[in-house]
Structures are given as C-alpha cells and as structure tokens.
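A quick write-up on the structure given underneath.
Residue numbers begin at 1 in each chain, while the letters A, B, ... track the order of the sequences.
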Amino acid sequence: MLSPIFLSLRIATIATVFSLIFGILMAYLLNKRNIPGKSIWETLLILPMILPPSVTGYILLIAFGKRGFIGKFLLETFGVQVVFTWVGAVIASFIVSLPLMYQNVKTAFISTDPIYEKAAETLGSSELKKFMTITIPLAWPGIISGIVLSFARAIGEFGATLMIAGNIPGKTQTIPTAIYFAVESGNDELANKLVIIMTVFSFALILGLNAWLKGKNYIGRLYEHLFQY
Amino acid sequence: MSTYFNIKKKLDHFTLNIEYGFESGVLVILGESGAGKTTLLNCISGLLTPDQGRVEIGGTVVFDSEENINVPTRLRNIGYLFQNYALFPNMSVEDNIYYGIKNKKEYKDREKRKELLSYSEYIMKTFGIYHLRKKYPKHISGGEKQRVALSRAIVTKPRLLLLDEPFSALDEDTKQVIYNEFTLFKQLFNIPTILITHNKRECELFADHMIVIKNGKLSS
C-alpha cells in the first residue's frame, strides 16, 4: 500500500518544483515584459486546465511516445524513455499543475503596485536584483498558494497520468490510479484506506494554507502590538 | 547648465512640450493636477521615454532622440521621491535606505563600503530617523515615512533630485515641521532639485527657479 503513496509524493514534488520555476518565469515574461504573441502563449499555458485530462494525456502520449517528436529526441539523445515510466507521470502532473501556478503568480504580480519596481530602478537596481528583492517578495503569498494548489493538483492527477504512464504497480502506480484499479478489482479495503489518506492529506493541505495566510496577519498584529506601543 | 531638459511627449489629451535648464538650487514646477508634471519627472528619470528631445543630468546627456542616446534609469544617478514615498514594505527602514548604496560598484570595496554605511548613518541621524531603522514602513508615521524616503533618495549622492509632491500626503502640523527641515536640507546638501507641486506656498518657500505648466506647456 505504501508504494503508491511514496511514488505520488515524489512525482507531485518534482512536478511542483518544475511548475514553480516555469510558472514564475512565464508570469514574469508574459506580464512584466513585452513578449510577442502574449495571448497565444497564455492560452497554451492555461489549456490543460480546460481540456479533459484524457485529451491532455493523449497529446502527451503522441508527443512523448517513441515516434513522437519530443519522445524520439529524448530517447535518441539521452536514452530516456518517458511513456510508461514515472518520468511520464511527472510530465503529466507538471502540465496540469502549471496553469494553477501561473494564474496565482500572475495575479500576485499584477496586483502589486508597480511604483516599488520603479523606485528600485531609480535606486540603481539591475533587472535581476529588482526581480529577486522586490517583485518576488511582494508576490510571496500568491507564490505560496500557487505551490500548495499545484501540489494538490499534481498529487490528484489521474487521467493524463494513466494515459502516459499507465498503471504499473511499484513503477508508475500513484494513489489515484491505485484507488481506481482497487475499486475495479473489488479490493474495497485498499481503496478505502487510500481514499481516507488522500482526503485527510488534501484537507490538511488547504487548512494549512489558509492558516498560514491568516497567520501572517496574526504575526503582523503581534509585531505591531509589541514594537509600536 | 548642470540640468537641462527638452521634452516632447504625446499624451492622451495633450502633448507635453517643455524646455528648461538650470545650474543649481531648487526648480519648482507648479501646475494643476493633470497638467503633466509627473509625466515630466518620469521622462527626466527615464521611467518613461519621451517621443523627442534631450535630457542632461549633471552635465551629462542621458537622453537624446536625435543621437539615439537613452541611458536606463538605474544608471542616471538620480534620487526620486515618489508621491506616496514607495518605501519597500518588505524591508526595514535601514534596508530601504541601504538599498541604493548596495547597488553601487563601490559597495564591493571594503573601505568604500564603510564610508557609504557611515554616510547613511549620518543621513539617518540628520533626519532624526536613526532610532526607527529596524522598523517597517507600515509601523511609522507619515512624516517619518517622508524623511525615510528623502534619506533613501539622497543617500546615493544623486546628481539630480526629483520630488513629486513631497508634502501633499502630510497633515498641516507635520507639514510645517517638514517645511522647516526641508529648508535646512536645502542649505546642507545643495543638490540640484526639481520639486513639483500644486501648492503656491511651497513655491514661495523653496523656489530658486520656477516654471508653471498648463496642459503640458510652459505658461507665464
């Protein structure tokens, strides 16, 4: 029973790290820089959130399959096979969790008053330093909720993962696919256990996020109370 | 002429078209809101690019549309005090003030770093904000924010100081105190300064030179 749990955690963690990097990068390029074809890029990024997971999975299967243009390249250059491996599951989770990360970071970026970045420029700050010291810290709450929601989405990913990675116990079987196949084969006990774990985990994650976001205010108020008066 | 600007920029309702130059002291630009004052400052600082014209700061050309010169804001060596101060909310008072000097090349040199830091301390003490250095912007008063913002703008030893309605967010009592401080500041630091305001009294108090703008043009 433990192997799908560990595998799910590993896949979701790696997918979230990639989502974080690409989500921030894309939110920066598309909202802070004038990139041509902005709306096309943005639509492509968001698309996996709207498409049925089976469609996303099928597209990934074609692209990353042995004869697909990316799959062929990866296999011939690095000897990496994506389809029916846990790497495929990471790619599926990454693609479906990226829109959530992007949306959260984007909202945080555009809701920050641009005056702070302008002030940093007048103080001689380089583009990179401005980004690291002003843009990112001021967008922090949005980035945190992006991480949590992407992770939750990645760990719950089922459809696209099943299409590209399959359901190989100990190799590509994650919690959601394990539940599906446990129910199908009449193993209710395993299904129940995994469902409880999944539900409790997701509940704790969202509860923790809300507490953290509110807690920031509590700490802020405590600070005010202690040091101002 | 240490400071000179000739700026043409098309805006929504009118075209900004202003030319002026001065050697030292405070130039007060008086005008109603919406006259193009902030746009003018943004063009001088490089935050906005004029359609046409030329800007010189400290005797150096930083913008010239004909010669295709456009020095980015960060290299123009200016101090800019924004209307709402724009203190970084994620940094303490001292980190706000050190932000500009940390961007300087000299900061990497140990000896010069000491000099820069002690100069910052001197500025903080001069403006009476040294005791606030560990506090965050949201925990200090409006007048204190104004002093921090002015300290942050001048600590880098700018060649030109731009002040966008620096007193408008203050209540009347604080304003009087800050006016007196600013008069002292003028004598002490003697940085060429452009101050924009819609308040005639500030003009009388601080102006060595004065221009009035209306609908983007000089008006007499």
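Side-chain atoms of B:Phe88 and A:Pro137, non-hydrogen and from C-beta on, never get closer than 4.5 Å to each other. For the pair B:Met91 and A:Ile134, the minimum side-chain heavy-atom distance is below 4.5 Å.
Annotation: A:Lys72, atom NZ; neighbour count of heavy atoms from other residues, nucleotides and ligands within 6.0 Å does not exceed 12. Heavy-atom contacts from other residues, nucleotides or ligands closer than 6.0 Å to CD of B:Glu32 number 12 or fewer. Atom OH of A:Tyr58 is surrounded by 12 or fewer heavy atoms from other residues, nucleotides or ligands within 6.0 Å. Atom CZ of A:Phe6 sits in a sparse spot, with 12 or fewer heavy atoms from other residues, nucleotides or ligands closer than 6.0 Å. Counted within 6.0 Å of CD1 on A:Ile40, heavy atoms from surrounding residues, nucleotides or ligands total 12 or fewer; the atom is thus considered open. Atom OH of A:Tyr28 has more than 12 neighbouring heavy atoms from other residues, nucleotides or ligands inside a 6.0 Å radius. More than 12 heavy atoms of other residues, nucleotides or ligands lie within 6.0 Å of CG in B:Asp171, so this atom counts as buried by the packing criterion.
Between the CD atom in A:Glu127 and the CZ atom in B:Arg74 there is a gap of 8.5 Å [rounded to 0.5 Å]. Note: A:Lys118 NZ to B:Thr73 OG1 = 10.0 Å, rounded to the nearest 0.5 Å. The distance from the CD atom of A:Glu117 to the CG atom of B:Leu47 is 11.5 Å, given to the nearest 0.5 Å. Put simply, CD1 on A:Ile115 and CG on B:Asp164 are 8.0 Å apart, with the number rounded to the nearest 0.5 Å.
For a residue to count as touching a neighbouring chain, one of its non-hydrogen atoms must lie under 4.5 Å from one of that chain's; by this rule B:Leu162 does not touch chain A.
In terms of non-hydrogen atom pairs under 4.5 Å with chain A, the most contact-rich of B:Tyr85, B:Phe82, B:Tyr80 is B:Phe82. Top candidate by heavy-atom pairs under 4.5 Å with chain A, chosen from B:Ile78, B:Thr156, B:Asn84, is B:Ile78. When B:Ile101, B:Leu87, B:Leu75 are compared by the number of non-hydrogen pairs under 4.5 Å with chain A, B:Leu87 comes out ahead.
Using modelled atom types, one side-chain atom of B:Asn90 and one backbone atom of A:Thr133 make a donor-acceptor pair closer than 3.5 Å. For B:Asn103 (side chain) and A:Leu123 (main-chain N/O), a donor-acceptor pair under 3.5 Å exists by modelled atom type.
Smallest separation of non-hydrogen atoms from A:Tyr116 and B:Pro89: CE2-CD, 3.6 Å.
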